[in-house]
Amino acid sequence: MSLDIRPEVPSDADSIAQLTTAAFRTAPASQNEAFIVNALRRAGQLTVSLVAQDGEVLVGHVAFSPVSVSSGAAGWFGLGPISVAPGRQGQGIGSQLMHDALAELRRVGAAGCVVLGDPGYYGRFGFAARPGLVLEGVPPEYFQALSLDGNYPAGAVQYHDTFNATD
Ligand SMILES: CC(C)(COP(=O)(O)OP(=O)(O)OC[C@H]1O[C@@H](n2cnc3c(N)ncnc32)[C@H](O)[C@@H]1OP(=O)(O)O)[C@@H](O)C(=O)NCCC(=O)NCCS
């Protein structure tokens, strides 16, 4: 496998949508993830959008978009969605995408990032639930943060409105 991790280009959009839909088909999630990626792109909110390409085929994608923190802390981003093609999961592609996306976030000077997801998966990248940094309506152990500047704000996090996209 020769995997190329690179920023998305405009011609990737349809493949990313198909990949995202396929990856989440059996996941306990909203099934709106592909719409969310498209809406984030249209809104200019895809700060980091990397694809994993194997030959001609896109086999993975990860997105980070800005979030707001009620304390006013700046420079925080939300991870998601992250998708690996169903037939290619468990081969380290998601981990490589995470690694490169976090490096890209550091490069653009991000203060930190949050994720709503399985602590068993994201803990390996340094994410953990942090006291006082919350996402309303979500069990605290599933809402995790990783500071890139050493500081953890306290407050309520809000994702961009496009996370409500349903078509
Ligand atoms: C979650 C996902 C992106 C991970 O990508 P991946 O390429 O399969 O992950 P990796 O191969 O890098 O996995 C690394 C490790 O995480 C584990 N892992 C994968 N998905 C996991 C999950 N949902 N929960 C806990 N552990 C998970 C793997 O078993 C592997 O463990 P190991 O290193 O001890 O063997 C991918 O499985 C996927 O697209 N899932 C469907 C969509 C989804 O649920 N996205 C995340 C929503 S928050």
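When a ligand or atom number is given, it counts from 1 through the structure's own listing order.
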Side chains of [X] and [Y], heavy atoms from C-beta outward: is any pair under 4.5 Å?
X    : Y    : value
L102 : F64  : yes
V37  : P81  : yes
P66  : W76  : no
C113 : F127 : yes
L135 : L116 : yes

If you have a sec, work out which protein heavy atom is nearest [atom] and how many Å separate them, to one decimal?
atom                    : value
atom 18 (N) of ligand 1 : Y121 CD1, 3.4 Å
atom 48 (S) of ligand 1 : Y122 OH, 3.2 Å
atom 39 (O) of ligand 1 : V84 N, 2.8 Å
atom 41 (C) of ligand 1 : A23 O, 3.2 Å
atom 38 (C) of ligand 1 : Q89 NE2, 3.4 Å
atom 24 (N) of ligand 1 : D118 OD2, 3.0 Å

Evaluate the 4.0 Å heavy atom contact test for atom 7 (O) of ligand 1: does a protein atom fall under the cut-off?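 Yes, because at least one protein heavy atom sits under 4.0 Å from atom 7 (O) of ligand 1.
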
Using protein heavy atoms only, decide if any is under 4.0 Å from atom 28 (C) of ligand 1.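 When distances to the protein are checked, atom 28 (C) of ligand 1 has no heavy atom within 4.0 Å.
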
With atoms numbered from 1 as shown, which atoms in ligand 1 lie under 4.0 angstrom from a non-hydrogen atom of [X]?
X   : answer
S83 : 39 (O)
G90 : 6 (P), 7 (O), 8 (O), 11 (O)
S95 : 10 (P), 12 (O), 14 (C)

Could you check whether Q45 and S65, counting side-chain N and O atoms only, form a donor-acceptor pair closer than 3.5 Å?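 No, Q45 and S65 have no side-chain donor paired with an acceptor closer than 3.5 Å.
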
Looking only at distances, can you tell me whether any N or O atom of [X], backbone or side chain, sits closer than 3.5 Å to an N or O atom of ligand 1?
X    : value
I82  : yes
G92  : yes
G94  : yes
R124 : yes

Under 4.0 Å, counting heavy atoms only: does L116 come that close to any atom of ligand 1?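 Judged by the 4.0 Å heavy-atom criterion, L116 does count as contacting ligand 1.
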
By the definition side chain to side chain contact (heavy atoms under 4.5 Å, CB included), identify the one residue from L3, V51, V59, L50 that meets it with L97.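 The single option meeting the side chain to side chain contact (heavy atoms under 4.5 Å, CB included) with L97 is L50.
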
Take a 6.0 Å sphere around CD of E136 and say whether it holds more than 12 heavy atoms from other residues, nucleotides or ligands.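 Atom CD in E136 is not packed in, count stays at 12 or less.
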
Is the Y121 ring parallel, tilted or perpendicular to the F125 ring (thresholds 30°, 60°)?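 Geometry flag for F125 against Y121: perpendicular rings.
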
If you apply the rule salt bridge (Lys or Arg N to Asp or Glu O under 4.0 Å), what do you find for D100 with R107, and how did you get there? CA-CA 10 Å; D100 285 21; R107 199 186 64 75; over 6 Å; no

